[in-house]
**Q** 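Quick one: the structure is below, and I'll ask about it shortly.
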Amino acid sequence: MPTNAEVAATFREIADLLDVLGETFKPEAYRRAARSIESLSEPLGAVEARGELRTIPGVGEAIAEKIRELLSTGTIAYRDRLLHEVPPGLLEIVRLPGLGPKTARRFWVELGIEGPAELRAAIEAGRLDGVKGFGPKKIAQIRAALAPPAGTAPSPRRPIEEVYPIAVGLVEALRRDAPVRAVEIAGSFRRGQETVGDLDVLATSAEPERVFDAFSKLPEIREVRLRGGTKETVVLSNGLQVDLRVVEPDAFGAALQYFTGSKDHNVALRTLARDRGLKINEYGVFRGETRIAGRTEAEVYATLGLAWIPPELRVDRGEIALAGAGTLPTLVTAADLVADLHVHLPADAAPADLDGLRDAARAQQLELVGVVAGGIGPDGRAVDLAAAVRARLRELGKDRPRLVAVEELATGAAPGDAGSGAYRLLRADAGPPPTGDGPTARGLVHLGTGGRPDGALLPWFAWAASRHLPIEVGPGPDRLDSNGARAALEAHAALLVPRSLRGGPLDPTGPVALAFARRAGARPQDVGNARPERRATGRAGPTR
DNA sequence: GCCGTTTTCGGCCCGACTGTTTTCAGTCG
């Protein structure tokens, strides 16, 4: 059975084919459905089995029928028919940078070109010279797109944890080198999406030209792609594209809202504005010619009668209705997190390292730290802290913030007596949930989604929920991403949000984990290491 | 093809930038 990602890719292909055929609104309808399907927290097969395909935003009867056809037969007859109609090579032309469906269609209809090879031959034979709309620069651009120099291939989406230190570094550099007042990263990075295609940086300044000058000179920048009066696009030496926009302070909130997206959220918002006789763009909210909001995001939402919506929820899956009714969930924040239960120390750690750890915990206002003192380390090998460290750990355990020993056990390991105040990490690396241990086991589950088929974790969620074990969320293959976290919450399991206690300001683990939890809609009471008084579920907190 | 606290039909976000243009088309986000 095809995965959700494969179904989405099929619909995107149909959209491209329809584009080339000159269809106007259908392609966007298929792309919208593809985006919705990708953000589902469970396999499409499960939705279909409940007869709820039509509840997916952007999925109507026609697309629902095509999903059923794809799930049961592995193909869609409509797609095959389109592929018969449109030469497959045209899809490659459409996907070249700077070219789109209109141009590809003209090549096909006017010049009989059906693929990249024919296009290249046509250019070399001079067949494009003198054709309306194709001047020398455009032809050179197409030639470059057809034969990209090594290392300039379009960069794929990257994990957000990989982009995080780059983004933090760019913001710091701009604050240091450029005359900016405010700087924020918008886009999918701000929404805490698992992967990031490019970075959207937004700044306010009285001197945009000087900001662009300073930005262009940053050492990590390989190439300036384009530069206008309000925006500049560059490519970093690692291939990541960064768009910098500079706006006036009165428009900062509107621009931040606009460039944070998501696209579907913005479309829904602007449709709502239009229905109320208003217009929203990146410069503000307008009634006629008059700007009535724009300085802050909250102001923009307020003009539409909406509460401010956290970026992580801006996906057009009902959050606008909730904001209108004032019933948005109160999402967990960094200030709610009072424990980090999963801190690894190196094998050669000294007692003094624990004091440093406690200082870091105090600085982050944590009340409890779980130090992995035995069991299986991050590299899969056995870890055992020195006796002196263990002794110091016992001493420190009496003071605040408390440090307690934590043990990591492999899947299905028999739960030993971890002792009072100790916590157990259960690594669920493979296979079904264990059956041998009792419901009294305390700890957390370190549960990876990496490489698993959709839905393979569902039994684990129920297992963890029944034992009040929170499941760790965050970047990397051993933690839940936001889709996994949402499914866990739906199964009434609690989450555990790690902090970056030993990492510096560039460590993505804590911030990214928090973003994933928030994307899943987690409230403080859904999080096992949030303040106990705000928590309803999860028992990994301090023993009292 | 989807969708509806004005709609089951008639709409479908909006602007920057580039290149080729004399007022605009295409692409991109």
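Side-chain atoms are counted along with the backbone in the values below, which use heavy atoms only and exclude waters and symmetry mates. Since we're looking at a predicted model, the values are computed, not measured. Naming: A, B, ... by sequence-line order, numbering from 1 per chain.
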**Q** B/dG29, OP1 or OP2 - any side-chain N/O from A/S262 closer than 4.0 Å?
**A**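 False: A/S262 side-chain N/O out of range (4.0 Å or more) of B/dG29 OP1/OP2.
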
**Q** Under 4.0 Å between a side-chain N or O of A/K231 and OP1 or OP2 of B/dC28?
**A**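 For A/K231, the contact criterion (side-chain N or O under 4.0 Å from OP1 or OP2 of B/dC28) is not met.
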
**Q** Judged by modelled atom types alone, do A/T333 and A/D336 share a side-chain donor-acceptor pair under 3.5 Å?
**A**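 Side chains of A/T333 and A/D336: pair found under 3.5 Å.
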
**Q** Any idea which of B/dG1, B/dT20, B/dG15 is nearest the A/A62 side chain?
**A**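 Side chain of A/A62 sits closest to B/dG1.
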
**Q** I'd like the P distance from B/dT22 over to B/dC14, given in whole Å.
**A**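 It works out to 28 Å between them.
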
**Q** In whole angstrom, give the distance that lies between atom CG of A/L269 and atom P of B/dC12.
**A**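 Taking CG of A/L269 and P of B/dC12, I get 17 Å after rounding.
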
**Q** Searching all strands shown, indicate the nucleotide that pairs with B/dT8 (Watson-Crick or G-U wobble; both distances under 3.5 Å).
**A**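 When the pairing criteria are applied, nothing turns out to pair with B/dT8, so the answer is none.
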
**Q** Starting the side chain at C-beta, find the nucleotide from B/dG1, B/dT27, B/dA16 nearest to A/E282.
**A**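 Side chain of A/E282 sits closest to B/dA16.
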
**Q** Taking only N and O in the side chain of A/N281, is any of them less than 4.0 Å away from OP1 or OP2 of B/dG15?
**A**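 Answer is yes, contact under 4.0 Å.
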
**Q** Map A/L18 and A/G135 onto DNA chain B by nearest heavy atom, then report which one ends up closer to the 5' terminus.
**A**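 On the 5' side of the pair lies A/L18.
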
**Q** Can you tell me how far C1' in B/dA25 sits from the matching atom in B/dT21, rounded to whole Å?
**A**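 Roughly 9 Å separates the two C1' atoms.
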
**Q** Looking at A/E282 and A/K231, does any basic side-chain N land under 4.0 Å from a carboxylate oxygen?
**A**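 Not counted as a salt bridge, because no side-chain N and carboxylate O are separated by less than 4.0 Å.
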
**Q** If you measure from the Lys or Arg side-chain nitrogens to the Asp or Glu carboxylate oxygens, is any gap between A/E209 and A/R227 under 4.0 Å?
**A**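 Salt bridge flag = yes for A/R227 with A/E209.
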
**Q** Expressed as a whole number of Å, how far does the C1' atom of B/dT6 sit from that of B/dG11?
**A**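 Between the two C1' atoms, the distance is 13 Å.
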
**Q** From the options B/dT27, B/dG15, B/dA16, select the nucleotide whose nearest atom is closest to the side chain of A/K102.
**A**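 Looking only at heavy atoms from C-beta outward on A/K102, the closest nucleotide is B/dT27.
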
**Q** Can you find a side chain N or O atom of A/T103 that sits less than 4.0 Å from OP1 or OP2 on B/dT27?
**A**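 Affirmative; the distance criterion is met.
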
**Q** Counting only side-chain heavy atoms from C-beta out, which of B/dC2, B/dC12, B/dG19 sits nearest to A/F25?
**A**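 Among B/dC2, B/dC12, B/dG19, the one nearest the side chain of A/F25 is B/dC12.
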
**Q** Choosing from B/dT20, B/dG15, B/dG1, which nucleotide comes nearest the side chain of A/K279?
**A**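 Selected nucleotide: B/dG15.
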
**Q** Under 3.5 Å, is there an N or O donor on one side and an acceptor on the other linking the side chain of A/Y258 and the base of B/dG29?
**A**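 For A/Y258, whose side chain was compared with the base of B/dG29, there is a donor-acceptor pair (under 3.5 Å).
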
**Q** Within 90° of 0 counts as syn, otherwise anti: where does B/dT7 fall?
**A**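 What B/dT7 shows is a syn base, its glycosidic angle lying within 90° of 0.
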
**Q** A/R54 or A/G100: which one's nearest nucleotide on DNA chain B is closer to the 5' end?
**A**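 Nearest nucleotide further toward 5': that of A/R54.
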
**Q** Could you give the CG-to-P distance, from A/L96 to B/dG26, as a whole number of Å?
**A**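 To the nearest whole Å, that distance equals 18 Å.
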
**Q** More than 12 heavy atoms of other residues, nucleotides or ligands under 6.0 Å from CZ of A/R181: is that the case?
**A**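 For A/R181, atom CZ is not crowded (no more than 12 foreign heavy atoms under 6.0 Å).
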
**Q** Say we look at B/dG1 and B/dT8: how far apart would their C1' atoms be, to the nearest angstrom?
**A**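 So the two C1' atoms sit 14 Å from each other.
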
**Q** For atom P, what is the distance between B/dT20 and B/dG26, given to the nearest Å?
**A**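 That atom pair is separated by 14 Å.
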
**Q** Would you call A/D481 and A/R486 a salt bridge, taking side-chain N to carboxylate O under 4.0 Å as the test?
**A**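 Here A/D481 does not pair with A/R486 in a salt bridge, since their nearest N and O are not under 4.0 Å apart.
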
